[in-house]
Amino acid sequence: MADRSPGHDALLTTGGRGATVELRDVSKQFGPAVKGTAGAVNNLSIEVPPGEICVLVGPSGCGKTTTLKMVNRLVEPTSGQVLIDGQDVQRIEVTALRRRIGYVIQQTGLFPHQTIGRNVATVPRLLGWPEERIRARVDELLRLIGLEPERVRDRYPSQLSGGERQRVGVARAMAAEPPVMLMDEPFGAVDPIVRERLQNEFLRLHRRLGTTVLLVTHDIDEAIKMGTRVAVMQQGGHLAQYAPPAELLTHPASEFVADFVGADRGLKRLSLMTVDDVELGRAATARLGEPVGAARARAGTASWILLLDADGRPEGWLSVGQLREDREITSELADPSSPIFTHETTLREAISRLLATAVQTGVVVDENGRYEGTLSLETVGAALRASAAESTNGAAVPSGAEPATERAQ
Ligand SMILES: Nc1ncnc2c1ncn2[C@@H]1O[C@H](COP(=O)(O)OP(=O)(O)OP(=O)(O)O)[C@@H](O)[C@H]1O
Ligand SMILES: [Mg+2]
């Protein structure tokens with residue numbers, strides 16, 4: 001699969017093996033209709049193309065969980081239709097439907113009296129897979145989510161950390177590679193660092209599997225990071241906007257959406273862009289063991305030279321003024337404090353690391369750690385301005401048109 005991050009837009013062109021999920025004018029009123037009170041969900045229409053991640057985001061009680069549960073019929077809509085690949089879920093037998101839909105519930109919901117292995121094997125068992133295949137699949141999934149099968153397979157959920165339990169919840173939902181996954185705050189109950197790791201793991205997995213995902217969160221940053229499309233919901237299950245994250249940030253459809261995405265939406269756009277979106281700078285370079293004179297000549301007027309090892313990996317920066325003519329270049333002379341970035345590093349992370357190390361320039365390396373170019377605060381600023389100008393030009397599209405399926409590059 002051609003997957004050139006940022007994130008997961010590569011999926012949009014692979015066809016994937018996910019199903020189309022469509023909510024057509026769906027409403028849910030719990031209990032009898034009371035005049036003047038809004039239902040939990042009102043006339044919601046959303047179409048999620050195969051392989052995309054649709055994030056439902058909005059304040060507590062706005063109907064996100066209810067919406068998700070109408071897809072696998074844990075809640076039946078009062079009116080409207082839910083279709084999977086064009087088929088009305090009302091016409092699909094409930095257990096058959098749920099076997100095709102992975103579900104990660106709010107607070108993981110692992111079965112406490114079953115081992116991790118049995119938890120993950122739940123759906124394959126229901127589907128009657130042979131033991132051999134189930135066992136292989138369980139081990140494969142545990143490895144995929146970064147847990148050693150030998151270590152955790154026979155433990156019970158209470159013997160894992162919160163973050164590990166959440167991963168197992170995701171593995172269980174993916175066990176039979178369902179064409180649709182519903183995830184209700186799947187990364188909710190863990191600290192921000194574990195959360196970020198789980199999010200990245202999930203995006204990687206998703207790129208491989210191409211499942212269609214509906215993911216609920218109340219965290220707008222998570223929505224922007226994880227979603228290929230984001231549905232911003234308002235109290236009463238009203239849809240405030242449904243658009244790719246970049247569009248949400250550049251063109252919020254209402255004051256509610258603008259408030260919800262926050263005043264720092266310009267900065268948030270940085271988390272949608274990666275080092276790949278920036279034209280890299282070039283530094284003068286020197287090799288270990290090289291005579292100082294040669295390196296100096298190459299530096300020209302620059303006051304810093306980047307020292308590379310024999311394989312072209314960066315060792316650090318050399319201050320030209322401090323190099324002595326009669327010496328060879330050694331790695332002790334190099335200042336290694338400059339941050340190292342890869343092509344996947346988001347511009348948001350790049351900026352915060354540049355600011356944290358008080359260095360103006362970071363070094364970009366390829367997947368083998370070899371030097372490719374440099375990245376500075378100025379080049380990031382220029383890329384951001386260029387992308388803002390581009391998306392403003394894009395605003396000429398008449399309102400109400402189909403949302404663009406590509407992210408702003
Ligand atoms: N079984 C139920 N019976 C009656 N009302 C319900 C039921 N389930 C949910 N509601 C109500 O429907 C509304 C939407 O609830 P829902 O659980 O979908 O919200 P949510 O957006 O998921 O919120 P949160 O972010 O807090 O999880 C809320 O007002 C809730 O009280
Ligand atoms: Mg909820």
Side-chain angles (χ1 to χ4, degrees), residues 21-48 53-82 89-90 94 97-98 101-110 162-163 165-166 169-170 172-173 180-192 195 198-199 202 212-227 229-243 245 248 252-254 256-257 259-262:
V21 177
E22 189 185 354
L23 281 78
R24 210 179 270 174
D25 211 18
V26 170
S27 298
K28 177 65 189 179
Q29 174 95 44
F30 287 103
V34 181
K35 216 175 163 198
T37 59
V41 174
N42 280 286
N43 303 101
L44 185 66
S45 294
I46 290 175
E47 187 177 334
V48 190
I53 301 178
C54 167
V55 178
L56 306 173
V57 66
S60 182
C62 73
K64 304 180 295 293
T65 297
T66 305
T67 302
L68 216 57
K69 286 181 170 172
M70 287 193 284
V71 177
N72 65 1
R73 294 184 58 191
L74 282 169
V75 169
E76 300 287 3
T78 311
S79 62
Q81 278 182 307
V82 177
V89 296
Q90 290 295 329
V94 157
L97 176 74
R98 292 194 192 141
I101 302 179
Y103 184 39
V104 184
I105 65 171
Q106 216 165 344
Q107 315 298 349
T108 58
L110 295 180
R165 276 202 293 273
Q166 284 205 314
V170 172
R172 184 177 65 176
V180 177
M181 290 229 332
L182 309 176
M183 307 175 81
D184 199 345
E185 312 221 12
F187 316 116
V190 288
D191 67 74
R195 180 175 214 182
L198 291 181
Q199 290 170 338
F202 182 74
T212 306
V213 178
L214 273 76
L215 185 152
V216 163
T217 179
H218 54 257
D219 174 0
I220 185 67
D221 290 313
E222 179 161 275
I224 286 166
K225 172 169 183 177
M226 304 298 286
R229 288 160 188 254
V230 179
V232 182
M233 290 170 68
Q234 225 163 323
Q235 221 49 254
H238 292 284
L239 186 63
Q241 186 166 8
Y242 184 43
L248 209 67
S254 65
F256 174 81
V257 179
D259 276 353
F260 198 77
V261 298

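Only this structure's heavy atoms are used, side chains among them; waters, hydrogens and symmetry mates stay out. As the structure lists them, so they are numbered: ligands from 1, and atoms in each ligand from 1.
- Below 3.5 Å of separation, one finds no N or O of Phe30 facing any N or O of ligand 1.
- Those atoms of ligand 1 with a heavy atom of Ala40 less than 4.0 angstrom away are 12 (O), 13 (C).
- Taking each of Gly39, Pro59, Gly61, Gly58 in turn, the one with a heavy atom nearest to atom 14 (C) of ligand 1 proves to be Gly61.
- For Asp219, the salt bridge (charged side-chain N to carboxylate O under 4.0 Å, His left out) partners two or more places apart in sequence, or in a different chain, are Arg195.
- Among Leu56, Thr65, Val41, the residue whose heavy atom lies closest to atom 17 (O) of ligand 1 is Thr65.
- At under 3.5 Å, not a single nitrogen or oxygen of Thr67, backbone or side chain, sits near a nitrogen or oxygen of ligand 1.
- Side-chain contact between Phe187 and Leu215: present, with at least one pair of heavy atoms (C-beta onward) separated by less than 4.5 Å.
- Screening Val104, Thr67, Leu74, Leu68 for a side-chain contact (heavy atoms from CB on, under 4.5 Å) involving Leu182 leaves a single residue, Leu68.
- Residues Glu22 and Gln81 have side chains that never bring a donor and an acceptor to within less than 3.5 angstrom of each other.
- Among the backbone and side-chain atoms of Thr65, an N/O/S atom is found under 2.8 Å from the Mg ion (ligand 2).
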For Tyr242 and Cys54, what are the C-alpha separation, side-chain angles and deciding distance, and is it a side-chain contact (heavy atoms from CB on, under 4.5 Å)? CA-CA 9 Å; Tyr242 184 43; Cys54 167; 3.9 Å; yes
